[in-house]
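To start, the structure under review is shown below, and the notes come after it.
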Amino acid sequence: MDTNNKPQLTIYNSHSRKKEAFKPLNSPYVGMYVCGPTVYSDVHLGNVRTFIAFDVVYRYLQYLGYKVRYVRNITDVGHLVGDIDEGEDKIAKRARLENLEPMEIVQKYTNGFHDVMRIYNAISPSIEPQATGHIVEQIEMVQRILDNGYGYEVNGSVYFDVVKYNEEYPYGELSGRKIEDLLSGTREELEGQQEKKNPLDFAIWKKADKGHIMRWNSPWGVGFPGWHLECSVMSTKYLGETFDIHGGGMDLRFPHHECEIAQSVAADGKAPVQYWMHTNMLTVNGTKMSKSLNNSFLPHELISGDHPLLEQGYSPMTTRFFMLQSHYASTLDFSNEALQAAEKGYQRLMNACKALDKMHYDGDDNNYNQEETDAINQLVDQAFEHLSDDFSTPQAIARLFDLSKKINSYNEKKLDINNLNSNTLNKLKEAFPAIVFDILGLQDESASDNAEAMDGLMDLILDIRKEARDKKDWDTSDKIRNVLNTLNIVVKDGKEGSSWGMG
RNA sequence: GGUCGGAUGGCCGAGCGGUUAGGCAGAGGUCUGCAAAACCUUGUACAGCGGUUCGAAUCCGCUUCCGACCUCCA
């Protein structure tokens with residue numbers, strides 16, 4: 001697809017708080033970094049929402065013709081439980097609890113994460129670096145920060161000097177905070193803050209106590225890297241000192257992303273990111289879905305329906321569709337009613353895809369209906385305009401439903417497909433599935449590996465049923481339909497014969 | 001307490017100065033052997049109070065609720 005044919009992409013930059021035209025530093029190449037999970041336990045649906053949102057970003061950028069290098073990290077060290085610089089490492093804690101090697105924990109939950117991403121049809125990133133694989137680079141960055149005077153060593157730990165940094169550069173711009181407010185607002189009296197010159201400072205290298213099982217040698221003694229550091233290091237390594245898009249959940253905006261900016265600027269003197277994108281939270285009854293609040297669903301619970309808050313199971317594509325019906329930057333509230341509505345809507349979209357695919361056209365380019373043709377063209381164009389407007393999937397989906405109405409009408413001969421000229425029909429036939437499958441990343445869940453055999457079988461069965469119906473043998477025809485129903489196959493009788501779909 | 005963001009019809013969810021969002025559910029109709037699907041028609045909306053404007057769900061102010069971040073979370 002030629003980029004020039006599509007509307008100019010705009011992205012809401014949460015740094016400038018404005019929508020901006022997307023101009024890659026090095027078009028057609030685009031560098032995108034998304035903060036991945038900390039693999040100390042199962043990912044939950046809130047995580048999934050963020051990664052699905054960026055999956056669509058990735059897919060759409062590619063559709064527009066960009067060559068995207070998509071980097072999404074795996075955090076496997078440095079992320080602490082509890083207070084920012086004094087808690088236990090999350091991975092280490094889990095390892096202790098499960099009596100496993102830290103790297104076993106990492107492997108286990110990384111595998112689980114990948115499984116979930118596959119189930120929700122998210123494309124794998126181009127590079128998926130792990131923090132423990134970049135200890136050397138992290139040490140080097142700590143050294144650069146020290147060399148430039150923005151860090152200080154105390155007792156084998158190295159801290160980032162936020163106040164010093166703020167004298168030269170604005171700290172807090174991304175999250176809209178002022179350092180004075182932060183200084184006065186920071187909770188005092190936290191244990192073990194004595195090492196830091198200021199409560200705002202954060203660890204970039206942390207001394208490992210005797211009991212700490214994750215530890216590496218460094219110029220400052222045995223320790224491990226601070227959590228914020230890995231993203232700065234790995235984005236720089238794979239995307240350069242300045243790159244195009246950095247994404248992540250809203251809850252990472254402060255302090256994580258703010259610290260990333262400070263680290264990169266302090267180490268290399270450059271603002272690392274052109275466009276910051278933040279996805280909003282998935283909520284349950286209006287409250288953020290979060291592991292610590294015990295209101296989070298695991299993907300397999302959602303699929304099976306095996307959770308006190310769930311009335312039934314919801315398929316991965318129902319969920320994906322549900323999430324894309326809201327904008328990534330809005331909170332999305334999770335409820336059975338909403339999921340059930342999404343299930344039907346998703347089904348409707350899939351039906352339209354199938355109908356469009358089977359459409360027979362016998363039109364004449366010298367004799368077509370201008371109005372009808374314009375209407376289709378306009379809807380298709382609008383869908384792309386919406387996608388280009390900060391990835392507005394909800395609005396694009398609304399156009400898809402408008403088109404579905406048209407497609408169904410053609411299918412049922414309530415409108416005549418031959419009223420379209422061939423260009424428009426081709427455009428529709430190309431764009432509709434492209435948006436549904438390639439860009440939104442939906443899949444037809446009724447399609448199976450045995451699709452061909454299934455199609456043949458169903459053709460045969462429906463053919464037999466047709467013979468019965470022609471003879472007004474309703475007993476036989478209803479029996480076929482009823483038994484198929486019990487197999488979750490729905491038969492639909494239309495003017496042009498019967499069709500079937502998975503119920 | 002500080003900073004920021006929300007409140008849209010039965011539910012979800014777009015829109016962010018003038019034009020139908022859309023989906024689901026509801027009502028009526030068409031089609032059908034019946035059913036399903038599909039198509040057509042259709043209702044109740046923008047938290048409250050003021051203000052700006054020819055015109056506001058959309059801008060401004062105040063009020064009331066809710067949430068996020070400031071501790072780990074996508």
Side-chain angles (χ1 to χ4, degrees), chain A residues 17 34-38 40-41 43-54 79-87 90 172 175-178 180-182 184-187 190 200 227 247-256 278-283 286-293 296 321-322 325-327 329-349 351-352 355 386 392-402 404-405 407-409 411-415 469 472 474 477-478 481-482 485 490-495 498-501 503:
Chain A
R17 290 154 202 255
V34 173
C35 287
T38 301
Y40 70 105
S41 67
V43 291
H44 64 86
L45 252 345
N47 303 294
V48 171
R49 145 112 123 154
T50 290
F51 300 129
I52 285 178
F54 286 107
H79 208 159
L80 305 181
V81 179
D83 176 60
I84 185 160
D85 294 321
E86 294 305 320
K90 286 188 171 186
S175 54
R177 276 153 226 259
K178 297 193 187 80
E180 308 83 66
D181 296 340
L182 288 167
S184 60
T186 305
R187 296 180 196 183
L190 288 169
L200 275 185
W227 172 42
M250 207 75 107
D251 47 0
L252 296 182
R253 193 159 158 186
F254 189 90
H256 185 58
H278 289 101
T279 55
N280 216 136
M281 300 293 104
L282 191 58
T283 61
T287 302
K288 176 182 173 181
M289 182 179 281
S290 155
K291 283 179 200 173
S292 52
L293 293 174
S296 63
F321 177 76
F322 166 71
Q325 265 193 304
S326 79
H327 187 78
S330 303
T331 55
L332 172 61
D333 199 59
F334 204 83
S335 70
N336 282 285
E337 266 183 308
L339 262 302
Q340 283 159 12
E343 186 171 52
K344 299 242 173 114
Y346 160 71
Q347 208 52 250
R348 187 173 157 80
L349 216 47
N351 287 341
H386 290 138
S392 183
T393 54
Q395 293 190 83
I397 288 172
R399 290 318 123 237
L400 251 24
F401 279 117
D402 292 338
S404 296
K405 207 165 264 190
I407 291 166
N408 286 326
S409 294
N411 193 230
E412 304 244 324
K413 307 294 184 217
K414 285 173 177 139
L415 289 175
R469 295 181 76 216
K472 298 200 190 302
W474 308 127
S477 87
D478 286 352
R481 187 173 63 195
N482 292 339
N485 271 342
V490 181
V491 177
K492 303 169 206 168
D493 295 331
K495 276 212 172 85
S498 305
S499 62
W500 63 278

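Throughout, protein chains are lettered first and strands after them, A, B, ... in sequence-line order, and every chain is numbered starting at 1. Predicted model, so just to flag it, every value in this text is computed and none were measured. Computed over heavy atoms, backbone and side chain alike; hydrogens, waters and symmetry mates excluded.
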Those residues at least two apart in sequence (or on a different chain) that pass salt bridge (charged side-chain N to carboxylate O under 4.0 Å, His left out) with A:Arg469 are A:Asp493
Applying ring-ring contact (aromatic ring centres under 6.0 Å, His included) to A:His256 and not counting sequence neighbours gives A:Trp227, A:His228
Of A:Thr287 and A:Lys344, the one whose closest nucleotide on RNA chain B sits nearer the 5' end is A:Lys344
Each nucleotide of nucleotides 31-44 of chain B classed B (base within 4.0 Å of a protein heavy atom), S (only sugar-phosphate) or -, in 5' to 3' order, makes --BBBBBBSS----
Checking B:A74, B:C69, B:A21 against the side chain of A:Phe51 (C-beta onward), the nearest is B:A74
field: Same-atom distance (P) from B:G10 to B:G55, integer angstrom
entry: 29 Å
For RNA chain B, the dot-bracket notation using Watson-Crick and G-U wobble pairs below 3.5 Å, [ ] for pseudoknot-type crossings and | for other-strand pairs, is (((((((..(((.....[...))).(((((.......)))))....(((((..]....))))))))))))....
| query | Roughly how far apart, to the nearest Å, are B:U41 and B:C24 at atom P? | reply | 15 Å
| query | Which part of the nucleic acid, if any, lies within contact of A:Gly36, taking any heavy atom under 4.0 Å across all strands shown: a base, the sugar-phosphate backbone alone, or nothing? | reply | sugar-phosphate
* Which value, in whole Å, describes the distance between the P atoms of nucleotides B:G18 and B:A57? -> 10 Å
When rounded to whole Å, the CZ to C1' distance for the pair A:Arg253 and B:A68 reads 11 Å
Atom CD1 of A:Ile397 and atom C1' of B:G23 are separated, to the nearest Å, by 9 Å
Assert: residue with more 5' nearest nucleotide on RNA chain B, out of A:Thr283 and A:Gly176, is A:Gly176
- Message: Between A:Asp333 and A:Thr283, do the side chains contain a donor N or O and an acceptor N or O under 3.5 Å apart?
- Response: yes
Problem - Nearest-angstrom distance, P atom, B:U42 to B:U52 - result: 37 Å
Exercise. So, A:Lys414 and A:Glu412, do they make that salt bridge, N to O below 4.0 Å?
Worked result: yes
Here the gap from A:Arg348 atom CZ to A:Phe321 atom CZ, rounded to the nearest 0.5 Å, amounts to 10.0 Å
Whole-Å distance, A:Leu282 CG to B:A68 C1', equals 14 Å
In whole angstroms, the gap separating C1' of B:A68 from CZ of A:Arg49 amounts to 13 Å
A:Lys288 atom NZ is separated from B:C72 atom P, nearest whole Å, by 11 Å
With rounding to the closest Å, how many angstrom separate the C1' atoms on B:U20 and B:C60? 29 Å
Across all chains, not counting sequence neighbours, the ring-ring contact (aromatic ring centres under 6.0 Å, His included) partners of A:Phe322 are A:Phe334
Residue set satisfying side chain to side chain donor-acceptor pair (under 3.5 Å) with A:Ser392, at least two apart, ordered chain then number -> A:Gln395
Taken in chain and number order and not counting sequence neighbours, the residues that satisfy side chain to side chain contact (heavy atoms under 4.5 Å, CB included) with A:Thr279 are A:Thr50, A:Ala53, A:Phe54, A:Tyr328
Polar-atom pairs under 3.5 Å, protein N or O versus N or O of nucleotides 10-13 of chain B: list them with distances, or write none.
residue : atom : partner  : partner atom : Å
B:C11   : O2'  : A:Glu337 : OE1          : 3.3
B:G13   : OP1  : A:Asp333 : N            : 2.8
B:G13   : O2'  : A:Gln325 : O            : 3.3

Distance, C1' atom - from B:G6 to B:C46, rounded to whole angstrom
14 Å
Residue set satisfying salt bridge (charged side-chain N to carboxylate O under 4.0 Å, His left out) with A:Arg399, at least two apart, ordered chain then number -> A:Asp402
A:Phe254 CZ to B:C69 P, in whole Å, measures 13 Å
Distance col, row A:Asn280:CG vs A:Arg49:CZ, nearest 0.5 angstrom, shows 6.0 Å
**Study point:** Pairwise C1' distance, B:U64 and B:A27 [rounded to whole Å]
**Key:** 35 Å
Side chain to side chain contact (heavy atoms under 4.5 Å, CB included) filter on A:Ser499, not counting sequence neighbours, yields A:Lys492
For A:Lys413, the side chain to side chain contact (heavy atoms under 4.5 Å, CB included) test, sequence neighbours excluded, returns A:Glu496
In whole angstroms, the gap separating P of B:C70 from CZ of A:Arg177 amounts to 7 Å
In whole angstroms, the gap separating P of B:A74 from CG of A:Asp251 amounts to 7 Å
Residues at least two apart in sequence or cross-chain that pass side chain to side chain contact (heavy atoms under 4.5 Å, CB included) with A:Asn485, listed by chain then number, are A:Arg481, A:Asn482, A:Val490
C1' atom, B:C54 versus B:G13: distance in rounded Å?
-> 32 Å
